[in-house]
Amino acid sequence: MSETEIAIIGAGPAGLSAGIAAAESGAKVCLIDRNLEAGGQLFKQIHKFFGSSKHFAGERGFLIGRKLLESCNKLAVEIHLQSYVGGIFPEGKIMMVTPHGTEIIQAQKIILATGAIEKSLAFPGSTLPGVMGAGAAQTLCNIQGVQPGKEVLMVGSGNVGLIVTYQLLQAGVNVVGIVELASEIKGYGVHSAKIRRLGIPIYTQHTILEAKGNKKVEKAVIGKIDQNQKIILNSLKEFYVDTICLAIGLNPLAELAWMCGCHFDYKPALGSHIPWHNPYMETNIKNIYVAGDVAGIGEATIAMEEGKLAGLAAATSLGYYNHAFLEKQRSNIENDLKNLRR
Amino acid sequence: MDKGYLKTGAPTLEELQMLPGYPTRNRMEKGPVAVIECMQNIPCNPCEASCPTRAIVIGEDLSRRPILNEKKCIGCGKCIAACPGLAIFIVNLNYSETEALIQFPYELLPLPLENQVVDAVNREGVIITKGKVKRVDIKPSYHHTPIISLLIPKEYAEEVRGIARRKENGS
């Protein structure tokens, strides 16, 4: 069994920011991540981020990821990769499955920065190979350097759907269109405008009805819906596609918080059931903090601010920062978050 | 037919002309000027920081839309690549008798070549005229967002906002 002062589960934008904020104080910090590399979703974000020019605005996500990792390395933050946390036990014992076997880490403070998972959708043919999350297609293009297909239908016009559509086009993949159930486009107008300029249609008040094909996706059928959410029968359209991407939202990965006995609130606007936390990101279970998508689905910029706050708070409660410093930081971060959450 | 950016994804000229970042026709006729097609309250301000003449103002509240002071704008185009939303263009109606020069970001490969005649598209991606590529600028400060300068017939200056996607063979 190894010991640490602050263990952070998840090394995405929230976890890395928490690790930096805590390690800068001198606290002993370790990060645990189940993936091959740290960085979470940052390394597949090849677009420039919105935000304040004081922070990382205008920078592409993967470059922000590199900067965060560099800071962690400078601070000698320990990062356990390919390590899957299977359970958190009382008194801060974390059980993780690593490539070397099962290990226990004893931590005084735990920050859950586990992120989120893409929502799925059931429709006839939705189990055919070729139906995938938009984030999965983005990983294929931007991390693996592999086109997920040649012709794609995107389901969902939120920022993920719009941005991944743009990035598929950049990867040389054609997108036949975006389907949106609502009567209005969900993502930012500047994102929709840039893919419209590239000739991609957006079908509002439409839904995916069926994926057709022999052993793989060969066609997608979409239909228009009326005000009563009924399909208008003569509105069906068929597209020859080999890939259908689902960008219909994210769910927080909150299993560990449930396991710890955290109190949850149901907040549909933030993605689902969200662990309650105080203004310092600490849950009702003492010494357990949350940050990033697990504390409410949002942009990476929000995750980084929340992570920083959780890291500062955890380090302060160990005596590494004084309370006046934490208060000042908290009020700054709270202001920034208010701006970003709008 | 539904219109407007919330329905179709593409803003209409009428929607854009109401924006605080959209310059007057009169100003475009005097020379290059930034056209800021940022419709919503996005918490974002790199355009403001990029402007050497402080012609773009957002202020303390990040989510306010950029306001263009068209008298201060010198049309330098630094804001084009700074905008993460790729929503800023330069329009110059004072280029020649018949042609307008527009500048826009283009992040797809293959890039067009200088002096090449290409299909120019409007905000809905529809090819509406031909344009001649005057320049393709790639500078370190653009952070991998190439800026294309395109000469087009003057009458399309407020419609053309890009070029059609191109095939690998350069067509």
Contact class of A:Y166 relative to chain B, heavy atoms under 4.5 angstrom: side chain
Chain A contact via B:S50 - which portion, at a heavy-atom distance below 4.5 Å: neither
Most contacts with chain B, counted as non-hydrogen pairs under 4.5 angstrom, among A:R197, A:E59, A:E184: A:R197
Donor-acceptor under 3.5 Å (B:R65 side chain, B:P20 main chain): no
Top of B:H143, B:H144, B:E107 for chain A proximity - count of heavy-atom pairs under 4.5 angstrom: B:E107
Side chains of B:N45 and B:R64, donor plus acceptor under 3.5 Å: no
Greatest number of heavy atom pairs closer than 4.5 Å to chain B - which of A:K186, A:R60, A:K194: A:R60
Side chain, backbone, both or neither of A:L169 within contact of chain B (heavy atoms, under 4.5 Å): both
Cation-pi geometry met for B:R161 and B:F89 (6.0 Å, 45°): yes
Leading residue by heavy atom contact count with chain A [cutoff under 4.5 Å; candidates B:P105, B:C47, B:A81]: B:A81
A:F49-A:H47 aromatic ring centre distance below 6.0 Å: yes
Aromatic plane relationship, B:F104 with B:Y106 - under 30° parallel, 30 to 60° tilted, over 60° perpendicular: perpendicular
Which of A:G199, A:A57, A:G187, A:G189 touches chain B most, by non-hydrogen pairs under 4.5 Å: A:G189
Contact class of B:A10 relative to chain A, heavy atoms under 4.5 angstrom: both
Distance (rounded to the nearest 0.5 Å) between A:I195 CD1 and B:L86 CG: 12.0 Å
Pair B:N26-B:T24, side-chain donor/acceptor within less than 3.5 Å: no
